[in-house]
> 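Handing you this structure, nothing more for now.
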Amino acid sequence: MDALKKMVISFCIIVVSLVLLCFFRTMPSGKLWTEYRIVYVDHMSDNSYVEDTFTAFGCKDVISLSQQHVPLMIPSDAPELTLSLSFPEANEYLSKRSLYFFDKGGKYCLYYVPEQYLKEAENAVQELKRQNVNVGIDTQSVYPFAIPAICALFAIVLAVFSVHHVIFLLASCIPVLFSACVPFYPAGASVCLILYALFLALQVWRRKGALIFLATNSTVIVFVAAATLIMCVTALRCALLFIPMSVGTGAVLYALLLAEKMHDTTYHFSVVLIRTARDMPFVTKKTMNAMILCASSILFLLVISLFSVDVSRVYSRSSDMQLPSVRAPTHNAHFPLLDDYVAWCWNVETLPYRSLNERTDSIFQKPKSGDTVSFSRYSAGETGITERLSTITYDKNFYEKAVAQIDNLSYPAVEKLLKAQGEAATAGYASMTAKNGGAIHIMLMFFSLFVPTLLFIRSKYR
């Protein structure tokens, strides 16, 4: 009963680990924005010259800071607009829109080009480069299926070589899942190191003194330490998810150990392994071949990562640039969203009909669903002046009407960019090289390759 209880606890730990890996996974998106690509230009460049170049090459509807106006289909001298803009709080939404037109460091001005004009934008960028303008276009990365594929293939091959085929295959599932949930090339390389360390550990599975032997074995220590270091340097989320991966893998091994012991009780004799962990041959032809496979897997990942990185930009000023993106890993509250635009429309349209005795911070607060503003309208007719009551309600109809009018704006408004992302979209900063790596990721890949290569050479000449 005690063993069964431990088995249940182990399964619970495994489930929690799987949930954490899947829930907090990092999935690279195909692009920073839906339907738009970003062209970034040095902030010291002539804005009018850049826009003229876009026009000359046939780029239309390019969203830029200089093109932004008040996003309402009402005259500029309308009382709703003039009264609202007299309050500084009303300008907050309009001023915050400028965040979309600069990178996080403020070194580059950003232009949003519709995807249908991508070819024209690329030609315009080449022309600007010929004029010595510091300009570029955002990357378009895809999910790196090679990372989990290589890790899974390496795990299957190791399972064939392993003394305990099924145990290794089951224990390697969580590390392989980790490589799919955190698809960074250095993380994939570190998973290969972990898988090899697991392969070595199963050489002394259930042997007396196995834990002490593994904890003091230099090869196992180097592989695990190197994998941990790479995980920590790659990314914070990678380092944090390394914890449930390790705990989950340990739980799988413990559950399998309990299952084997429970199965042993069905025999009429006691199963005793004669040789201790230290008596087992640890460096064999199989382990050396597996080490070569480990280095080969990491080498494949390194080659693929080098082909997927724009090497010309790895060491450039823009290599660590962070651009506004709807697929940023964290939401930045300073970016105005579609909800903020609709709330701004509500405040502008209803302000003339609300009491000016209210505090300005309550006047311009975000409305709640069901909020209403009622006011009287007067009209002259044959029977004289008549009065009728009008009501504006903040509801689904108001929201949809405000969003629909964005398409009628006569200029390339940033609100059109926001509308293309959908109502639930959020925005923040995303690094252009976060998914493909960069100088640090390339160095980590070479380091991970160096570990099995060095140990293989050392083993050959001992």
Side-chain angles (χ1 to χ4, degrees), residues 18 21-22 24-32 138-161 168-169 171-199 223 226-235 237-239 241-242 245 249 289-314 319 325 327 329 430-453 456:
L18 293 174
L21 288 174
C22 295
F24 293 103
R25 68 191 184 279
T26 300
M27 292 297 175
S29 59
K31 49 201 169 184
L32 298 176
D138 70 309
T139 58
Q140 181 167 332
S141 60
V142 295
Y143 182 85
F145 288 99
I147 297 174
I150 290 175
C151 291
L153 184 61
F154 179 51
I156 292 172
V157 175
L158 285 184
V160 174
F161 285 168
F168 180 87
L169 200 60
S172 64
C173 288
I174 292 182
V176 171
L177 176 65
F178 175 88
S179 69
C181 293
V182 188
F184 297 95
Y185 285 100
S190 63
V191 167
C192 291
L193 298 177
I194 289 293
L195 289 174
Y196 182 73
L198 180 62
F199 173 81
F223 271 82
T228 305
L229 177 63
I230 293 169
M231 296 281 192
C232 293
V233 177
T234 299
R237 180 171 293 190
C238 185
L241 289 179
F242 180 67
M245 184 204 76
T249 304
N289 289 336
M291 191 180 294
I292 295 174
L293 284 173
C294 179
S296 301
S297 300
I298 296 173
L299 181 60
F300 276 121
L301 289 172
L302 174 60
V303 172
I304 295 171
S305 69
L306 289 175
F307 276 104
S308 67
V309 173
D310 185 356
V311 180
S312 65
R313 206 184 63 220
V314 168
S319 63
S325 173
R327 295 181 178 89
S431 175
M432 289 203 302
T433 57
K435 302 298 183 290
N436 289 332
I440 294 178
H441 281 197
I442 292 175
M443 287 189 291
L444 288 174
M445 292 296 295
F446 276 107
F447 172 72
S448 62
L449 180 61
F450 175 76
V451 172
T453 304
F456 178 80

> Please lay out, stage by stage, how Met231 and Val191 fare under the test side chain to side chain contact (heavy atoms under 4.5 Å, CB included).
CA-CA 9 Å; Met231 296 281 192; Val191 167; 4.2 Å; yes
> When rounded to the nearest 0.5 angstrom, what is the spacing between CG in Leu198 and CG in Leu158?
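So the CG of Leu198 and the CG of Leu158 are separated by 8.5 Å.
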> What distance do Leu301 atom CG and Met445 atom CE have between them, rounded to the nearest 0.5 Å?
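Reported value, rounded in 0.5 Å steps: 5.0 Å.
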> Testing the basics here: between Val176 and Ala155, what is the closest heavy-atom pair and its distance to 0.1 Å?
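Reported closest heavy-atom pair: CG2-CB, 4.0 Å.
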> Within the structure provided, determine whether Ile230 and His441 are in side-chain contact (heavy-atom separation under 4.5 Å).
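They are not in contact (no side-chain heavy atoms under 4.5 Å apart), so the answer is no.
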> Nearest 0.5 Å please: distance from the CG atom of Leu195 over to the OG atom of Ser179.
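Leu195 atom CG to Ser179 atom OG measures 8.0 Å (nearest 0.5 Å).
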> Just verifying a value: how many Å separate Asp138 CG and Leu32 CG, rounded to the nearest 0.5 Å?
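The CG atom of Asp138 sits 4.5 Å away from the CG atom of Leu32.
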> With a 4.5 Å limit on heavy-atom distance, are the side chains of Leu302 and Phe446 in contact?
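Counting from C-beta outward, Leu302 and Phe446 do come under 4.5 Å.
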> Between Ile194 and Phe178, does a side chain to side chain contact (heavy atoms under 4.5 Å, CB included) hold up when you go through it step by step?
CA-CA 11 Å; Ile194 289 293; Phe178 175 88; over 6 Å; no
> Are the side chains of Cys192 and Cys151 in contact, using a 4.5 Å heavy-atom criterion?
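Touching, per the 4.5 Å side-chain cut-off.
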> What I'd like to find out is whether the side chain of Ser305 reaches to under 4.5 Å of the side chain of Ile442, using heavy atoms alone.
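They are not in contact (no side-chain heavy atoms under 4.5 Å apart), so the answer is no.
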> If you take all heavy atoms of Arg237 and Arg25, which pair is closest and at what distance?
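Closest approach of Arg237 to Arg25, heavy atoms only: NH1-O, 3.5 Å.
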> Shortest non-hydrogen contact from Cys238 to Ala187?
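Heavy atoms only, the tightest pair is SG-CB, 3.8 Å.
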> If you take all heavy atoms of Ala430 and Ser325, which pair is closest and at what distance?
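For Ala430 and Ser325, the tightest heavy-atom pair comes out as CB-CB, 3.8 Å.
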> Provide the closest heavy-atom pair for Ala171 versus Pro175 in the form atom of the first, atom of the second, distance.
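For Ala171 versus Pro175, the nearest heavy atoms are O-CD, 3.3 Å.
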> Does any part of the side chain of Phe447, heavy atoms only, come nearer than 4.5 Å to the side chain of Leu229, both counted from C-beta?
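Leu229 vs Phe447: side chains touch.
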> Rounded at 0.5 Å granularity, tell me how far CG in Leu18 sits from CG in Leu177.
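The CG atom of Leu18 sits 6.0 Å away from the CG atom of Leu177.
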> Flag the pair Val182 / Phe24 as yes when at least one side-chain heavy-atom distance between them is below 4.5 Å, and no otherwise.
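A side-chain contact is absent here, since even the closest heavy-atom pair is not under 4.5 Å.
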> Shortest non-hydrogen contact from Phe154 to Ala290?
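In terms of heavy atoms, the two residues are closest at CE1-O, 4.1 Å.
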> Over 60° means perpendicular and under 30° means parallel, so tell me whether Phe223 and Tyr196 are parallel, tilted or perpendicular.
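Plane angle between 30° and 60°, so tilted.
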> Rounded to the nearest 0.5 Å, how far does CG of Leu299 lie from CG of Leu293?
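Between Leu293 CG and Leu299 CG, I get 12.0 Å after rounding to 0.5 Å.
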